[in-house]
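The sequence lines fix the lettering, A, B, ..., with proteins before strands; numbering per chain opens at 1.
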Amino acid sequence: MINYLELSGVGIEFDTNGSKFRALQNVNLKLDKGEFVSLIGHSGCGKSTVLNIVAGLYRATEGGVILEGKEVLDPGPDRAVVFQNHSLMPWLSVYDNVALAVDQVFRRSKSRAERRDWIEHNLALVNMDHAMDKLPSEISGGMKQRVGIARCLAMQPKVLLMDEPFGALDALTRAQLQDSLMQIQAELGNTVIMITHDVDEAVLLSDRIVMMSNGPAATIGDILPVGLARPRDRLALAEDPEFVHLRQQVLEFLYAKHGHPAGTQAGNQAEAAAVSPAGTRLAAVAKSDAAVDSPEPGAPGTAAA
Amino acid sequence: MSDTLSNAAAAIPDHRLERILAGFNPGKLASALILPTLGILVFLLAWHLSASRIETSLGQFPGPVQVWEQVQNLAAEHRRERDKEAAFNERQQQRNARKLAANPEAEVKWRSYTGKPTFFDQIVTSLLTVGAGFLIANLIAIPLGVLCGLSASMYKAVNPVIQVFKPVSPLAWLPLVTMVVSATYSVEDPMFDKAFLNSAITVALCCLWPTLINTTVGVTGIDRDLVNVSRVMALSPLTHIHKIVLPAATPMIFTGLRLSLATGWMVLIAAEMLAQNPGLGKFVWDEFQNGSSNSLGRIMVAVLAIGLIGFMLDKLMLALQKRVSWDKQAVLR
Ligand SMILES: Nc1ncnc2c1ncn2[C@@H]1O[C@H](COP(=O)(O)OP(=O)(O)OP(=O)(O)O)[C@@H](O)[C@H]1O
Ligand SMILES: [Mg+2]
């Protein structure tokens, strides 16, 4: 089968005041259409950078991204991004914020009336049709994030990219938005890459969880398939042994194996690599708690990997 | 879920009534009215007391009372001049009517009245000139500022020019502007007076910089995420400027415009004085040369008028800024 979205050998080097900083090295990832993938990893490891490269906002130094057989060179509405801090234009009403995107993308293909309906439809999808004339400063953080999602959905992107979309929200609002997102994704079948710091969120929403090793020269450490049946219900899953096990595996990766993958193990191989039994690493989890903050790649926790 | 959302919407507190009530708060009233009045009274008293101690070659320095007399004098002169003009026009009309009655083919001429411009005429001239200069300057400054803000290379190219010309006094520009205008602007029956152009261009050269610099800073400082949103939507450059850049930079552009108008108004008076262009500056200079016992009082009237008009121009810009600002919460002052 042809991959819908493919990152192959992606690496990037930033030029900061003359000195080079290698943020990513040899990142390989393949996504199928309609797949929901989470990116998880320690702060500063390069998750946003990966997302920005897929979005076309950054250009990879080596390797590249291919979407539906075409190389990604520029940003475009087929790869809509939901930014962490909503990024609504503060001078435009909720309606106009979505309209800005819709008018741009469907300028030719939809009539004025059709665009109006489409904007309202998308706002209704995220339950924001009641506040269309409000300015962003007049609505809550969760509502802003909903509008940001509506704006992206309205562009009918091939891939929806979300950079910690719910990171700034309280737990209750976050849970609501996660449920909304799951529902919408089930209905529309969007292909999604979502960055998160929340292990539960990753397990609940994803088909696969991509765990990144620490930078510099970060890459994909492990990929964890999540085989939980959909639709998923957060309350029922909380006690589900499979859910608990997956959660445990992600935590283990983050706290025990948070360094570079050993030897040549990178991207492709990692994808295939089976996750070793949890029991063998329990000791490492306990040991490495102190090492979490340790910045250098040779930290004690790395040895376990 | 939608329940909680609408609750959240309703929970946004409505402070309108409280705000209205706060308006009637006697303490606030005191600080809004009494304190400024007190300040003005103290100033007038200090002025009055110190003025009576200063002797100049043109007599005593005018105090508030003498200045008030001159205000009335100037108003009376203005009315007299207007009456004269009306009478002149009336006579002319009658003469032409008689001529036409005697011979319908006769060629009638209409000469407009050329009396001495009064104080109030000079104010109008000054306002028109500063308006023209301000307009010219900002028609250049805002687009150029947007370009400099959007493109780092453009900024690097323009920045040295800005830095060099920004501190130049209008008086240094004036001779150059005068020479260039008289060399290049030589059409038959010109639409604008040369003196008017000289002052307007000098003003423009000086009030270009605040808007240019502030627009550049405003455009450079746009939230990166908003720019990225625009890139993801693949907005065309013009739409990007119209929908994202200009609204985002509006607060800074207006800061620039206000500074620019204030600079322009200050520069104008100096330019008019030096170049003998009509306007308030010329009024001051003429009175100074005139050297009658009333001159100092009349100059003082001009000084106050300049200050008040400058203040009002700023208020005007502020009102305009409040109208176009999207951030209704921002405290503008
Ligand atoms: N434009 C840039 N120029 C220079 N360095 C950059 C740039 N963007 C990112 N970096 C560096 O690349 C590394 C990865 O950054 P990135 O923002 O992708 O991390 P992240 O995983 O998203 O972190 P977080 O979870 O905190 O958002 C960091 O060390 C960062 O300093
Ligand atoms: Mg990030």
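Within a 6.0 Å radius of CZ in A:R112, other residues, nucleotides and ligands contribute 12 heavy atoms or fewer. In this structure, A:F106 places its CZ atom where more than 12 heavy-atom neighbours from other residues, nucleotides or ligands lie under 6.0 Å away. Within a 6.0 Å radius of CZ in A:R234, more than 12 heavy atoms belonging to other residues, nucleotides or ligands are found. Environment of NE2 in B:H242: sparse, with no more than 12 heavy atoms of neighbouring residues, nucleotides or ligands closer than 6.0 Å. Counting heavy atoms of neighbouring residues, nucleotides and ligands inside a 6.0 Å radius, atom CZ of B:F311 does not exceed 12 of them. Residue B:F165 qualifies as open at atom CZ: its count of foreign heavy atoms under 6.0 Å is 12 or below.
Of all heavy-atom pairs between B:A234 and A:Q104, the closest is O-NE2, 2.7 Å. Contact record, A:S87 with B:L226: O-CD2, 3.6 Å, taken as the closest heavy-atom pair.
To the nearest 0.5 Å, atom OH of residue A:Y58 and atom CG of residue B:N228 are 7.5 Å apart.
Between A:D74 and B:R231 the shortest side-chain heavy-atom distance does not fall below 4.5 Å. At a threshold of 4.5 Å between non-hydrogen side-chain atoms, the residues A:L100 and B:S230 do not count as touching.
Contacts between A:A101 and chain B at a heavy-atom distance below 4.5 Å involve backbone atoms as well as side-chain atoms. Neither the backbone nor the side chain of A:L92 comes within less than 4.5 Å of any heavy atom of chain B.
No option in A:D163, A:V81, A:N85 other than A:N85 meets the side-chain contact (heavy atoms from CB on, under 4.5 Å) test with B:D225.
A:W91 places a side-chain N or O within 3.5 Å of a backbone atom of B:K243 that can act as its donor or acceptor partner.
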